[in-house]
Amino acid sequence: MEMYLQFRKRTFILVLLSFAICVTGNVSVFRELRVNINPGCDFEGINCTSWTNISLVHIRSDGHNDSLHFVWSFNGSPSLLLARTPPQTTFSVNWDAFRNNSLNSIKFNGPQPIYTFAYTLNKVWIYNDLDDNVRIDKVNQTNVVGYDTSFFEWERQDFMSILSTSDVELTFISKKYKNHSLGPDGFFSMSIRAKELDGYSEILPYMLHNSNMTQIDIDFGKVQMNYPTENPKNTRVAFTFTLVQGDEEKGSSDDTKMRFDRVATLDDEHTPGVFSTINVRTPIVGSYDQSFLQWKPICYTGKIRDITDSIDVNAYDIQQQQMNFSDMTLKNSLLRAYYGAHLDLLVLQSMNVSFGTKQDKFYNKTPHISWTYMTGFGNPPEDYVSLMVILVVSIGFGIPVLIILVSSAFIIYKRLSKPRDELLIGH
């Protein structure tokens, strides 16, 4: 009898674990991370790989059959190039050409990339929302001022870095714009994180990550941008991203355009009070390759994130963008350094995000914005119900059902075990 009970117990555990795996999805392919900062950097004969005011970061995620490359540049507009290549492909930089913003100054050697995607955060908008409309497209455009991100001066914070084969974290901070201070305590920072293992982020809004993607945390705090002399009382902030799909040339078909969608979720276990996720998906190349940006429609107004200090992230339709190399944000970006003149032939689109909620007392109240988004290869990950929730729900429903079944069985047993004479007397 004891052996039978142990068998039943083990069978129940295996079934529960199988169910949990079905709910949480498949385990991603094992990958090993490698990081190279300013690879081969040389300036007039001086090794500049350790210089913190020059930052080109190559994060390589190696699997059995391919390698995923995340190439970040904070020289000019903050930009990211994603590439999937055969394992033997290498990456190199022509530093003289790169520092002069020349075409095709970075490249992959050996077998060429199977797939590429890139984007740049090229504009910061400060707008005076006099009527508390929140959205930048509903504000009189005379009250909107744009700032090219290529003029922010970035410093890599090496003392905050984590560099290992399983965990990468780098932070970049700007406190100046065109040699002018962003204010006594003003700063604009971006942190990039990559991890070997699947899981949820340790900071709000606790987004799901895997080895095919990287997490970006943005902080925009106490920034004074001289609008045109000082920030207005009803200030709000917005960003513009320019995105390019490296393997799809321009076309009128929807199949060659990036698309925006909002995915509803059934629970808010990981991000309390938020029941949706925003995805920006690139066109699918072949039957597999695509990329994405993903975020929760929430950000935080304190440097220490808390759900009580949250406001909305407002997304806008993706727009077609014309190539213009006179635009400094594109000229001084990784997009031009890699794609060169071919950039004009590719799918080039832009999108805006803004931050704020009606009656939130505007950016001036805190003033701080902390926002997280993810970017990576393949389909955007979908939130799953944790094993703990599955157990709680199973116990919550299972115990009452078990009580009912046991009680019913007991009643039936008692009735059947009565002598026939007692049953007749009862009638």
Just do the side chain to side chain donor-acceptor pair (under 3.5 Å) check on Ser77 and Asn122 with the steps written out, would you?
CA-CA 6 Å; Ser77 301; Asn122 57 314; over 6 Å; no
Phe260 and Tyr316: CA distance, side-chain angles, deciding distance, ring pair (Phe, Tyr, Trp, His ring centres under 6.0 Å) verdict:
CA-CA 9 Å; Phe260 167 94; Tyr316 301 77; 9.4 Å; no
Evaluate salt bridge (Lys or Arg N to Asp or Glu O under 4.0 Å) for Glu202 paired with Lys195, printing each intermediate quantity in order.
CA-CA 12 Å; Glu202 298 87 0; Lys195 292 184 179 295; 3.6 Å; yes
Between Thr149 (side chain only) and Leu121 (backbone N and O only), is there a donor and an acceptor less than 3.5 Å apart?
yes
Indicate yes or no for a side-chain donor-acceptor contact from Tyr115 to the backbone of Ser291 under 3.5 Å, with no hydrogens or angles considered.
yes
Angle between ring planes, Phe188 versus Phe239, binned at 30° and 60°: parallel, tilted or perpendicular?
parallel
Parallel under 30°, tilted from 30 to 60°, perpendicular over 60°: which one fits the rings of Phe74 and Trp72?
parallel
Side-chain contact, heavy-atom cut-off 4.5 Å: Trp295 with Val313?
yes
In terms of side-chain geometry, is the basic nitrogen of Arg281 or Asp261 positioned less than 4.0 Å from the acidic oxygen of its partner?
yes
Do His209 and Asp198 touch side chain to side chain, with heavy atoms closer than 4.5 Å?
no
Within a radius of less than 6.0 Å around CD of Gln141, do more than 12 heavy atoms belonging to other residues, nucleotides or ligands occur?
yes
Do the non-hydrogen side-chain atoms of Phe220 and Val124 ever get within less than 4.5 Å of each other?
yes
Gap separating the CG atom of Asp289 from the OG1 atom of Thr282, nearest 0.5 angstrom:
8.5 Å
Please verify the inter-ring angle class for Phe98 with Trp95; under 30° counts as parallel, over 60° as perpendicular, anything in between as tilted.
perpendicular
Ile106 side, atom CD1; Asn94 side, atom CG - distance, nearest 0.5 Å
11.0 Å
Say whether, by atom type as modelled, one donor and one acceptor occur between the side chain of Thr89 and the main chain of Pro87 under 3.5 angstrom.
no
Between Ser92 and Lys107, is a side chain to side chain donor-acceptor pair (under 3.5 Å) present by the stated rule, with each step listed?
CA-CA 6 Å; Ser92 65; Lys107 65 178 181 178; 5.1 Å; no
Approximate separation, where rounding is to 0.5 Å, of Arg336 CZ and Ser105 OG:
9.0 Å
Quick one: does Arg193's side chain have a donor or acceptor within less than 3.5 Å of a partner on Asp167's backbone?
no
Any donor-acceptor pair under 3.5 Å from Thr171 side chain to Met160 backbone
no
Do the side chains of Asp360 and Lys365 get close enough for a salt bridge, i.e. N-O under 4.0 angstrom?
no
Quick one: does any side-chain atom of Asn314 pair with a main-chain N or O of Gly356 as donor and acceptor, under 3.5 Å?
yes
I'd like to know whether Tyr373 forms a ring pair (Phe, Tyr, Trp, His ring centres under 6.0 Å) with Phe241, so could you lay out the CA-CA distance, the side-chain angles of the two residues, the decisive distance to 0.1 Å, and finally the verdict.
CA-CA 13 Å; Tyr373 70 93; Phe241 291 84; 5.7 Å; yes
Quick one: are the ring centres of Phe108 and His69 less than 6.0 Å apart?
yes
Does any part of the side chain of Pro381, heavy atoms only, come nearer than 4.5 Å to the side chain of Phe292, both counted from C-beta?
yes
Do Phe187 and Lys175 pass the side-chain contact (heavy atoms from CB on, under 4.5 Å) test, and can you show the C-alpha distance, the side-chain angles, and the key distance before you say yes or no?
CA-CA 5 Å; Phe187 69 96; Lys175 295 185 177 181; 4.3 Å; yes
Any side-chain heavy-atom pair from Ile37 and Leu170 closer than 4.5 angstrom?
yes
Apply the side-chain hydrogen bond (donor to acceptor under 3.5 Å, both in side chains) test between Gln294 and each candidate in Thr372, Thr375, Asn279, Asn379; give the one that qualifies.
Asn279
Decide side chain to side chain donor-acceptor pair (under 3.5 Å) for Asn47 and Thr49; before the verdict, give the C-alpha distance in whole Å, the side-chain angles of both, and the deciding distance to 0.1 Å.
CA-CA 6 Å; Asn47 186 311; Thr49 55; 2.7 Å; yes
Could you please spell out the steps behind the side-chain contact (heavy atoms from CB on, under 4.5 Å) verdict for Leu33 and Arg60?
CA-CA 6 Å; Leu33 298 176; Arg60 182 181 179 122; over 6 Å; no
Taking only residues two or more places apart in sequence or in another chain, which ones pass side chain to side chain donor-acceptor pair (under 3.5 Å) with Asp96?
none
Any side-chain to backbone donor/acceptor pair from Thr120 onto Pro78? Under 3.5 Å, distance only.
yes
May I ask you to decide whether Lys176 forms a salt bridge with Glu155, counting only side-chain N to carboxylate O separations under 4.0 Å?
no
Could you check whether atom CG of Asp317 has more than 12 heavy atoms from other residues, nucleotides or ligands sitting under 6.0 Å from it?
no
Okay, side chain of Tyr147, backbone of Met225: is any donor-acceptor separation there less than 3.5 Å?
yes
Less than 3.5 Å apart, any donor N or O on the side chain of Gln321 or Gln349 sitting next to an acceptor on the other?
no
side-chain contact (heavy atoms from CB on, under 4.5 Å), that's the test. Do Ile126 and Val237 meet it? Break it down for me.
CA-CA 5 Å; Ile126 306 294; Val237 179; 4.0 Å; yes
Step-by-step side chain to side chain donor-acceptor pair (under 3.5 Å) determination, Asn140 to Thr142
CA-CA 5 Å; Asn140 189 315; Thr142 59; 2.7 Å; yes
With the side chain counted from C-beta on, respond yes when Thr235 and Asp129 share a heavy-atom pair under 4.5 Å apart, and no when they do not.
no
Run Val144 and Trp125 through side-chain contact (heavy atoms from CB on, under 4.5 Å) and show every step you take.
CA-CA 7 Å; Val144 179; Trp125 303 95; 3.5 Å; yes
Strictly under 6.0 Å, is that where the ring centroids of Tyr177 and Phe152 end up?
yes
Could you check whether Asp66 pairs with Arg31 (Lys NZ or Arg NE/NH1/NH2 to Asp/Glu carboxylate O, under 4.0 Å)?
yes
Should Phe362 and Pro367 count as side-chain neighbours, where that means a heavy-atom distance under 4.5 Å?
no
Is there a donor-acceptor pair under 3.5 Å between the side chain of Tyr127 and the backbone N or O of Val134?
yes
Kindly indicate, with the supporting measurements, whether the criterion salt bridge (Lys or Arg N to Asp or Glu O under 4.0 Å) is fulfilled by Arg34 and Asp62.
CA-CA 8 Å; Arg34 287 190 284 165; Asp62 290 324; 2.6 Å; yes
Just how far is it from atom CZ of Phe117 to atom CG of Leu81, taken to the nearest 0.5 Å?
10.0 Å
Just wondering, do Pro283 and Met258 contact through their side chains at under 4.5 Å, heavy atoms?
yes
Thr308 backbone acceptor or donor facing Asp306 side chain under 3.5 Å
yes
Is the shortest distance from a Lys or Arg side-chain nitrogen in Lys358 or Asp132 to a carboxylate oxygen in the other one below 4.0 Å?
no
